[in-house]
Amino acid sequence: MKIAFVGKGGSGKTTLSSLFIRHLAAVRLPVIAVDADINQHLGAALGLGETEAAALPAMGAQLPLIKDYLRGSNPRIPSSESMIKTTPPGEGSRLLRVGEDNPVYDACAGTVDLDDSAVRLMATGPFTESDLGVACYHSKVGAVELCLNHLVDGREEYVVVDMTAGSDSFASGMFTRFDMTFLVAEPTRKGIAVYRQYKEYARDFGVPLKVVGNKVQGPEDLAFLRDEAGDDLLVTVGHSDWVRAMEKGRPTPFTYLEEANRRALETLHHTADAAYGRRDWERYTRQMVHFHLKNAESWGNAKTGVDLAAQVDPSFVLSEGTAAPQPA
């Protein structure tokens, strides 16, 4: 299951995504955590020290390796250099599976120990000095989008992505890659404004969206969120001494998280799991192709010097049953 956490900057989406990741790991489900936010705080939220978080390999720096591996023997993609962030898989492409070992995970994933379990953590990587003033952050998250396009995941396998803040997620087709999107909103006009914008953009693509109210301090805050988000409001989260201790570098076992907040995470889990029954791999593949063709026409053909529409395999549908060649 592919799960996104979105929201305005400072809403607490990184904290909520890290808590959800911990919850899944605690119930022994395989999890890949992905930090796709420009601020790159997910590692710290999962308990890594500054040095450990900074040592995580950057997916953006491994893009040539990622492309070469995923291309496999796909005859529609004669070279990895002609692949762009939206290139869809086809016959002969290599696919990624959550629980496997492969060169992409070897190069891009670090292991984070959480109490008596562990998760894989992948990060887009921060801006470097050479990027400043000349690069867009969406060039970094392209590696994440390409991996999601080639990911085959099952019901009790999770990829949790901490997305870039605000509506920047819509600068690529990645916002359609998820089984469930949790929008973290504070009980403020700014928090609700991001929710309204996200819902409007996502509506035409059938993106499943639920609101998680954060920093809710009382009945007035709850009433505000209910009035503004209606049935989209799934659950609320209040103050957490456990989170505060973690942020101070004084973690306690996850079992000590407050009961109300643990119940909120269980609600997120049940909601994500229920989304499995609504999966539509054909629509998923169509949307993947749609954004690839848009990117090809807008800038990809000019950049690569080839007709990227030829990369689309019209008979290919990504699904859990899709077979793919693996490396020898």
Side-chain angles (χ1 to χ4, degrees), residues 1-6 17 20 24 29-32 34 36 70 74 76 84-100 141-142 144-161 163 167 169-183 195 197-212 229-232 234 267-296 308-309 311-324:
M1 303 294 289
K2 295 176 284 291
I3 310 299
F5 280 81
V6 301
S17 60
F20 187 59
L24 295 173
L29 292 177
V31 185
I32 295 177
V34 181
L70 297 179
N74 188 334
R76 296 176 179 274
I84 63 174
K85 64 180 183 177
T86 54
T87 296
E91 187 68 29
S93 296
R94 292 195 183 104
L95 304 179
L96 301 175
R97 300 176 189 275
V98 172
E100 70 180 5
V141 299
V144 179
E145 186 169 2
L146 192 59
C147 286
L148 290 178
N149 280 358
H150 290 74
L151 177 69
V152 176
D153 53 310
R155 181 170 194 164
E156 294 190 332
E157 299 174 321
Y158 279 84
V159 176
V160 180
V161 182
M163 296 281 279
S167 58
S169 304
F170 292 94
S172 74
M174 195 161 70
F175 74 97
T176 64
R177 304 294 85 203
F178 300 100
D179 296 290
M180 178 56 63
T181 296
F182 292 125
L183 190 146
Y195 154 69
Q197 189 175 38
Y198 210 104
K199 183 173 183 178
E200 179 181 353
Y201 289 161
R203 182 182 292 114
D204 292 341
F205 295 93
V207 173
L209 177 69
K210 287 294 182 182
V211 174
V212 180
D231 291 341
D232 286 339
L234 176 66
T267 298
L268 298 187
H269 187 181
H270 293 326
T271 302
D273 182 71
Y276 181 83
R278 299 188 295 273
R279 271 189 165 186
D280 184 344
W281 285 100
E282 290 188 0
R283 184 181 71 175
Y284 186 86
T285 304
R286 284 197 309 272
Q287 290 178 340
M288 191 190 313
V289 169
H290 167 77
F291 282 105
H292 179 63
L293 295 178
K294 285 189 66 174
N295 278 267
L308 297 178
Q311 294 180 343
V312 176
D313 185 341
S315 63
F316 183 89
V317 176
L318 188 68
S319 72
E320 289 181 59
T322 304

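Values below: all heavy atoms of this structure, side chains included; hydrogens, waters and symmetry mates excluded. Residue numbers run from 1 in the order of the sequence given.
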| message | Within the 4.5 Å heavy-atom criterion, are I32 and V34 side-chain neighbours or not? | response | yes
| query | Distance-only, no hydrogens or angles: does the T285 side chain make a donor-acceptor pair with backbone N or O of L318 under 3.5 Å? | reply | yes
| Greater than 12 external heavy atoms within 6.0 Å of D231's CG | no
| query | Could you go step by step and tell me if D232 and Y195 meet the side chain to side chain donor-acceptor pair (under 3.5 Å) rule? | reply | CA-CA 10 Å; D232 286 339; Y195 154 69; 2.6 Å; yes
| Lys/Arg-Asp/Glu bridge criterion (N-O < 4.0 Å) met for K2, D153 | yes
| Aromatic rings F20 and H269: how do their planes relate, parallel, tilted or perpendicular, breaks at 30° and 60°? | perpendicular
| Does Y201 reach the side chain of F175, with side-chain heavy atoms less than 4.5 Å apart? | no
| said: Going by side-chain hydrogen bond (donor to acceptor under 3.5 Å, both in side chains), Q311 matches just one of T87, N74, T86. Which one? | reply: T87
| request: Kindly say whether the aromatic ring centers of F178 and F5 come within a distance under 6.0 Å. | output: no
| query | Would you say the side chains of T271 and D273 form a donor-acceptor pair under 3.5 Å? | reply | no
| Has the side chain of R177 got a donor or acceptor atom that lies under 3.5 Å from a matching backbone atom of N149? | no
| Hey, does the Lys NZ or Arg CZ of R279 hover above the aromatic six-ring of Y284, less than 6.0 Å from the centre and inside 45° of the axis? | no
| Heavy-atom distance under 4.5 Å between the side chains of W281 and E320, does that happen here? | yes
| request: Report yes if some heavy atom in the side chain of Y158 is under 4.5 Å from a heavy atom in the side chain of V98; otherwise report no. | output: no
